[in-house]
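Take a look at the structure below.
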Amino acid sequence: MTKKLFLLDAMALIYRAYYALIRSPRITTTGRNTNAQFGFTNTLFDLINKEKPTHLAVCFDTHAPTERHTDFSDYKANRQEAPEDLLASIPDIQRIIRGFNIPCVELDGYEADDVIGTLAWQAADAGYEVYMVTPDKDYGQLLIHPHVYIYRPPYMGSKEEILDAKKVCEKWDIARVEQVVDILGLMGDAVDNIPGIAGVGEKTAAKLLKEYDTLENVLENADNIKGALGEKVRKGKESAIISKKLATIITNVPVQFHEENFMLKEWNSKELIDVFTELEFKTLGKRILGETFNAFQSAPAGVQTDLFGNVVESAAPAPKAEVEEAAATGFQADKNINNTLHSYSLLDTPEKIKEFITVALQQTEICFDTETTNIDANEAQLVGLSFSFSPHEAYYIPCPANQQQTKAILALLNELFSQPQITWIGQNLKYDLLVLKWYNVELKGALYDTMLAHYVVEPEGRRSMDLLSAQYLGYEPVHIEELIGKKGKNQGNMRDVEIERVKDYAAEDADITLQLKQALHPLLKEKDVEKVFYEVENPLVKVLTDMEFEGITVDVDFLREYSKELEREAKQFEQNVFTAAGVPFNLSSPKQLGEILFERLKIDPKAKKTKTGQYATGEDVLLKLAANNPIVSDILGYRELTKLRSTYVEALPQLLNSKTGRVHTSYAQAVAVTGRLSSNNPNLQNIPIRTDRGREIRKAFIPRDEKHTLVSADYSQIELRIVAAISGDPNMCEAFKLGKDIHTATAAKVFGIKDEEVTKEQRYRAKGVNFGIIYGQSAFGLADNLGISRSEAKEIIDNYKKEFSGITRYMDSTINFAKENGYVQTLMGRKRWLRDINSSNFTVRGFAERNAINSPIQGTAADMIKMAMIRIHAAMQKEKLRSKMLLQVHDELVFDALIEELDVLKPLILENMKAALPLPNEVPVEAELGVGQNWLEAH
DNA sequence: TGAATCACG
DNA sequence: ACGTACGTGATTCAG
C-alpha cells in the first residue's frame with residue numbers, strides 16, 4: 001500500500017475556519033467563539049476519515065522573525081492583528097492535535113510553508129505520496145517534485161480539491177510549475193505585503209511569462225516591452241527580484257522527516273473528550289468519539305430525546321472504570337453514518353405511493369420537502385416530493401413534467417395532506433406550502449419549521465440547511481450546486497437531473513431536516529423560547545403563504561407615465577448640476593460627486609471622508625451645505641428622482657407574476673434579529689411615503705377589480721405604547737390612557753407647559769426625543785438629528801429623564817438584565833443574545849447596550865402584529881370572507897377587501913389588532929383603518 | 001463583492 | 001480620547 005503523508009498548514013486552515021463561520025459564529029454558553037476550533041477539527045477529522053492518510057503532521061508558524069523579515073522590513077507589515085478569538089483558539093487546537101496523537105512541527109526562523117516544503121520533498125524522496133493541506137496557492141511552486149500535491153479541503157460548499165502540477169499551471173495560466181515563483185515575484189502578494197511590480201496583476205504576469213518564460217528574462221528584456229507596461233516593468237525591477245526571493249519557499253530547512261514520528265497512532269480519547277466538552281462540541285464530539293462521548297457529557301443533565309423530540313429516560317452515565325478503559329484504549333469513530341446506513345426509496349408507481357401513504361397515515365409527525373424548477377415558489381413547477389419520519393429513512397416521489405400526471409399524484413397524496421392530526425416538519429415550509437397551493441393542495445395539520453426553530457433559538461446569523469446540518473449534525477449534505485450548477489445564467493433545472501440523483505438529494509434533505517428537528521427541539525426548551533415558536537412563528541407560516549399567494553395589483557400604465565415625468569425632471573436637475581459644476585460627470589457616482597464638490601468647487605473646507613477615504617456625500621451631509629450652495633438642492637433633487645425611478649417606478653412592472661399579473665413579494669420570516677418580518681423581491685415594506693413625489697407611487701397599488709377596494713389598518717404609536725407599558729412610567733402610561741397625542745404630551749412635560757401651549761417646534765423636538773429613546777440615543781445624536789445645539793439637546797434630555805423617570809429606570813434595568821443574563825426578551829419571550837454587552841470596548845459595548853434597549857421594544861411590536869395577523873386570518877376563515885390580507889409593513893396591514901364585506905371586515909381587523917397582545921399597566925392599544933381606491937388613499 | 005446611498009417602520 | 005440612533009432591502013458604482 002502506498003504511504004500517504006498529509007502536512008497541514010495550521011494557521012492558514014485556522015484563519016479560514018474562523019472566517020468561514022464569521023456570519024454565524026459558534027459561541028459557547030460562556031461566550032467563547034469556537035469557530036476556529038470547530039472548523040479545524042472538522043477539517044482534520046474529515047480528512048482522516050476520507051483520505052485515510054498513513055502519516056500526518058501539523059505545521060505552525062512561530063513568533064520568531066524569519067529571514068524574510070530581516071531581509072525586507074515591510075514583509076507582512078500590513079497584515080492586521082488577528083482577532084482575539086482567533087488567537088485564543090490556538091492552544092485549544094494544539095490540544096486537539098495532541099488528542100489525535102498527531103505531531104505539531106514548528107521551527108523558529110522559518111514559516112510553516114518552509115517546513116512543509118522541506119518535509120514534503122524529503123518524504124516524497126522516500127517514496128511517499130505527499131499532500132500539503134492548505135488553501136494557499138503559493139505552494140504550487142513545490143509541485144516541481146512529482147508525488148507532491150496540494151490538498152484544498154472542502155470550503156463553503158465547494159468540494160475538496162487535489163492539485164497536481166498540471167492543475168496548478170492551469171490555475172495560473174503558466175507552462176511550468178517552476179514559474180509560480182516568477183509569477184508571484186511579478187504580481188506580488190497583497191496579503192503578505194510582497195510588492196511585486198506596481199500595476200502588474202495575475203493576468204499581466206502570466207502574459208509576460210508566456211513571452212519571456214522567466215522573471216529574470218522579463219527584466220532583461222524590459223527595454224523591449226512597449227508602452228505603459230514596459231515603463232512599469234523597468235521601474236519595478238528591483239522590487240521584482242526581492243519579491244521573487246520572498247515568495248520562494250525554503251526547502252532546506254533544518255528538519256528531518258522521520259516516518260515513525262509522523263505515523264497515525266491511537267487517539268488520546270481522554271484529552272479529546274476534555275477539549276470537546278469544554279468547547280461544547282456535542283454533535284461533533286459524538287461523531288468523532290462515537291456514543292461513548294455522551295457518557296462523559298454532563299450537560300444537559302442526562303436529557304435525551306426520542307425520535308420526535310420527546311424527553312425520554314436517559315441511560316445512566318458510564319461507570320468510572322469503563323471511562324478509564326475507554327480513555328486508555330482510544331478508539332476510532334464510526335464512519336459518517338449518514339453516508340452508509342441510510343435507506344432512500346424511490347416511489348415511482350401509484351402502487352408504491354399508495355403503499356407509502358398507508359404507512360404514512362400511521363404517523364403523527366412527517367418531515368417533507370419539495371423539489372421544484374424555480375426558487376420563486378410562485379413560478380415553480382413541482383419536480384418531486386420527499387418524506388421522512390424515521391432518521392436515515394426517506395422516500396422520494398418524482399412528479400413528471402406533465403402537469404396532469406403531477407396533479408394525479410397529488411390527488412393520491414391529498415388524503416395524507418388533509419390529515420388534521422399530522423404535524424408537518426420542514427425547513428422553510430412557507431416555500432413548500434406555496435408551491436403546493438398553486439396545485440390546490442393545502443396542509444390541514446400543524447407545522448413545525450426547523451428554520452424557525454433555529455430562528456428563535458439563534459436569531460442572528462444564517463440558517464441554510466447546509467449550514468444547520470454542518471453545525472448541528474456534523475454532516476455536510478449534498479449541495480444543490482452539484483445537481484444544477486452554480487447560480488447564474490447557466491444554472492440548470494432540477495427537472496433535467498437524473499431521477500436517481502434527485503432522489504438521493506431530495507430524500508437526504510427530508511432525512512436531514514427530520515434529524516435537525518430532533519437536534520433543535522431540546523434547545524427550544526433549554527433557551528425557553530417555546531412560546532414564541534409555537535404561538536407566533538409556526539402559526540404565521542400559513543398566513544404568510546396565503547398573502548404571498550395573493551400578491552397585489554399594480555397599475556403599470558400609471559407607472560410608465562410617471563417614469564417619463566421623473567426622467568424629464570431628473571434630466572433638468574442633472575443639467576443644473578453640470579452647469580454649476582462647469583463640467584459633466586456621473587452624478588450617480590458618489591466618488592465623482594465628492595471630488596467635484598470638495599476639490600473642484602471646494603464648497604466645504606471641512607469635508608468629511610468615509611472610512612474608505614472617499615468624501616461623504618450622504619443626504620445629511622449635503623443638507624447642511626444646501627443653504628449656501630444652490631447646486632446642492634439640485635443634487636438632492638436628482639438623487640430623489642433617480643432613486644424613485646430605478647427602485648420603484650421602473651422595477652415594479654418587471655416583477656409581475658406570469659400567471660397572475662400581480663406583484664408577489666416574499667416575506668423573510670427568519671432574517672431580522674428583532675423578530676420583524678422583512679420583505680423582498682420586491683421589497684413592499686419601503687414603498688415611499690415621506691415626500692410628495694415618492695408618495696405618488698402608492699397610487700399604483702390598487703384593488704384587484706371593481707368589486708374590491710383597498711383597506712389599510714395601522715397601529716398608532718405602537719412602539720411608544722410598548723415603552724410606556726413595559727417601563728410602567730406613570731406619566732407616559734397616563735398620557736396614553738387619556739388618549740392624548742403622545743408627542744404633545746411629552747413636550748408639555750419637558751417644557752413645563754400646558755398641552756395647549758405646545759408649539760409645533762416643541763412637539764417636533766419632543767418627537768425627536770421619543771424616537772431617540774426607542775433607539776438608545778445620546779445627546780449628541782439628538783442635537784445632530786434636530787439641528788439644535790448640544791447643550792440645548794442635553795437640557796431637553798435632562799428634563800425628559802426627570803419627567804419620565806420610569807423610562808430611565810427601565811433603560812438602566814434592561815441593560816443590567818442583559819449584562820447579567822446575556823440576553824434581552826420581548827413580551828412573548830423572543831430573545832436576543834448580546835454577547836458584547838460586557839465588552840471592554842466602548843463602541844462595541846455601546847452598540848450592544850442600544851440593542852438591549854431597542855430589541856424588546858421593536859420585537860414586542862413585531863410579536864403583536866404577527867399575532868394579530870394570525871387572529872385576523874383565522875377570523876376571516878371562520879367568517880368565510882373572500883377578502884384577502886395582502887401586505888404587512890411592520891405596524892400596518894393592507895387588505896384587498898370585497899366591498900360587500902367591508903362592514904364585517906373593518907371591525908374584525910381593528911378588534912383583532914387591538915386584542916392580539918394586551919399590554920401591561922393597562923396601556924391601551926389603538927389602531928386606525930382607512931379605505932380607498934389605492935394604497936395612498938387607504939392609508 | 002463591498003461600500004455608499006436612500007427607501008420604509 | 002473617541003464616536004455617536006434601532007431594524008431592514010435595492011440600486012449603483014468601482015475595483
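Every chain is numbered from 1, with letters handed out A, B, ... down the list of sequences.
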Is there a side-chain polar atom (N or O) of A/Arg690 under 4.0 Å from OP1 or OP2 of B/dC8?
yes
Point to revise | Residue-phosphate contact under 4.0 Å: A/Thr610 side-chain N/O, B/dA4 OP1/OP2 | key: yes
#### Entry: Pair A/Lys866 + A/Asp863, salt bridge at N-O below 4.0 Å
no
Here the distance between atom C1' of B/dC8 and atom CD of A/Glu719, to the nearest Å, is 13 Å
Requested in this report: Can you tell me, in whole Å, how much space there is between the P of C/dT4 and that of B/dA4?
Outcome: 13 Å
Practice prompt. Report which part of the nucleic acid A/Arg639 touches: base, sugar-phosphate, or nothing (heavy-atom distance under 4.0 Å, all strands).
Written response: sugar-phosphate
Short side-chain N/O contact to B/dA4 OP1/OP2 from A/Thr612, under 4.0 Å
yes
Whole-Å distance, A/Glu928 CD to B/dG9 P, equals 14 Å
- prompt: Does any donor atom in the side chain of A/Arg463 or A/His454 lie under 3.5 Å from an acceptor atom in the other side chain?
  reply: yes
_Under a 3.5 Å distance rule, please check whether A/Arg721 uses its side chain to pair with a backbone N or O of A/Val923 as donor and acceptor._
no
Residues A/His890 and A/Gln888: closest non-hydrogen pair is N-OE1, 3.0 Å
Partner of C/dA1 under the Watson-Crick or G-U wobble criteria, both distances under 3.5 Å, comes out as none
- Task: Report yes if some heavy atom in the side chain of A/Leu720 is under 4.5 Å from a heavy atom in the side chain of A/Phe736; otherwise report no.
- Result: yes
Value for CZ (A/Arg830) from OG (A/Ser855), rounded to nearest 0.5 Å, stands at 11.0 Å
Residues in residues 838-861 of chain A with a heavy atom under 4.0 Å of DNA chain B, by number, are A/Gln858
Rounded to whole Å, NZ of A/Lys866 lies from C1' of C/dG7 at a distance of 13 Å
Whole-Å distance, A/Arg790 CZ to C/dC2 C1', equals 11 Å
Regarding A/Ala668, tell me which of base, sugar-phosphate or nothing describes its non-hydrogen contacts under 4.0 Å with the strands shown. nothing
Expected string for nucleotides 10-15 of chain C under the B/S/- scheme (protein heavy atoms, under 4.0 Å, primed atoms plus P, OP1, OP2 as sugar-phosphate) is BSSSSS
### Task
Using distance alone, with no hydrogens and no angle criterion, decide if A/Thr674 and A/Gln858 have a side-chain donor and acceptor under 3.5 Å apart.
yes
Sidechain N-carboxylate O distance under 4.0 Å for A/Arg698, A/Glu937 | no
note: A/Leu636, atom CG; B/dT5, atom C1'; distance rounded to Å ~ 12 Å
> Across the strands shown, which category fits A/Gly618 at heavy-atom distances under 4.0 angstrom: base, sugar-phosphate, nothing?
Replying inline: sugar-phosphate
Separation of B/dA4 atom C1' from A/Asp620 atom CG, nearest Å, is 12 Å
Task: Charged N-O contact under 4.0 Å between A/Lys794 and A/Asp798 - done: yes
Taken to the nearest whole Å, CG/A/Leu684 to P/C/dT8 is 18 Å
Rounded to the nearest 0.5 Å, the CG atom of A/Leu540 sits from the CG atom of A/Leu452 at a distance of 8.5 Å
Ranking C/dT8, B/dA4, C/dC6 by distance to the side chain of A/Tyr775, first place goes to C/dC6
Using Watson-Crick geometry (N1-N3 plus N6-O4 or O6-N4) or G-U wobble (N1-O2, O6-N3), each under 3.5 Å, B/dT1 is paired with C/dA14
Pick base, sugar-phosphate or nothing for A/Ile689, based on heavy-atom distances below 4.0 Å to the nucleic acid. sugar-phosphate
For C/dC6, take OP1 and OP2 only and decide whether either is under 4.0 Å from a side-chain N or O of A/Thr674. no
* Do the charged groups of A/Asp555 and A/Lys699 touch, with an N to O distance under 4.0 Å? -> no
Between CE of A/Met811 and P of C/dC6 the distance, given in whole Å, is 14 Å
In this structure, CD1 of A/Ile909 is separated from CD1 of A/Ile872 (nearest 0.5 Å) by 6.0 Å
Categorize A/Ile687 for me: base, sugar-phosphate, or nothing, with a 4.0 angstrom heavy-atom threshold over every strand shown. sugar-phosphate
**Asked** Tell me, do A/Ile773 and A/Phe771 make a side-chain contact under 4.5 Å, heavy atoms counted?
**Response** no
Residues of residues 823-836 of chain A with a heavy atom under 4.0 Å from any atom of DNA chain B, listed by number, are none
